[in-house]
Amino acid sequence: MKPSILPELLLLTTCLAAPACTAAEPANAQQGRRLLATRGCAACHSIPGIAPGQTLVGPPLDQVAKASYVAGILPNSQANLARWIMHPRHFHPQSAMPELGLSEQEAADMAAYLYQVSPKRGQR
């Protein structure tokens, strides 16, 4: 096997082994907004409708739906964003993003809000 293929295989193995986000209820974007506002997310991120500030710790979350990857690791989808929000250190052990102890439903709700306020690919 070529050495250049190993990183891709490692990433694929990590993605397949990661816990799936299977929220019991449909995602609720307004509940997600409340969670993003109360769980300290604005300490590191600027978030549309919540914290439009100029924080420099984490990336701004105003265009998450436009990105090709979540955190540069997972193919971008609302489900993968929820997986990242729930367990960032499963995907990137040295991530500065803390494990917040969120339920699958809470992570799905937060991802739903971020997707709702973010322009989609091809939009401005």
- Identify, with sequence neighbours excluded, every residue that meets side chain to side chain donor-acceptor pair (under 3.5 Å) alongside Glu99. His87

- Separation between OG (Ser118) and CG (Leu81), nearest 0.5 Å, reads 9.5 Å

- Item | Inter-residue atom distance Trp84.CH2 - Asn76.CG, 0.5 Å rounding | 12.5 Å

- Note on the structure: d(Gln116 CD, Asn28 CG) to nearest 0.5 Å is 9.5 Å

- Item | Nearest-0.5 Å distance that lies between atom CG in Asp109 and atom CD in Glu104 | 11.5 Å

- Which residues share a side chain to side chain contact (heavy atoms under 4.5 Å, CB included) with Pro60, sequence neighbours left out: Ser46, Asp62

- Message: Once side chain to side chain contact (heavy atoms under 4.5 Å, CB included) is applied, do any residues pair with Val117, and if so which ones, sequence neighbours excluded?
- Response: Pro48, Tyr113

- Message: Using every non-hydrogen atom in the two residues, find where Phe91 and Ile73 come nearest and quote the distance to one decimal.
- Response: O-CD1, 3.8 Å

- Message: Using 0.5 Å steps for rounding, measure from the CZ atom of Arg33 to the CG atom of Leu114.
- Response: 11.5 Å

- Tell me, with the steps shown, if Met110 and Met86 meet side-chain contact (heavy atoms from CB on, under 4.5 Å). CA-CA 10 Å; Met110 293 165 102; Met86 239 173 55; over 6 Å; no

- Residue set satisfying side chain to side chain donor-acceptor pair (under 3.5 Å) with Ser103, at least two apart, ordered chain then number -> Glu106

- Message: According to salt bridge (charged side-chain N to carboxylate O under 4.0 Å, His left out), does anything in residues 45-56 pair up with another residue at least two apart or in another chain? List the pairs.
- Response: none

- Item | Results of side chain to side chain donor-acceptor pair (under 3.5 Å) for Asn80 - residues two or more places apart only | Arg83

- Message: Applying side chain to side chain contact (heavy atoms under 4.5 Å, CB included), can you list everything that pairs with Ala112, at least two apart in sequence or on another chain?
- Response: Ala27, Ala29, Gln78

- Item | Interatomic distance, Ile50 atom CD1 to Leu61 atom CG [nearest 0.5 angstrom] | 9.0 Å

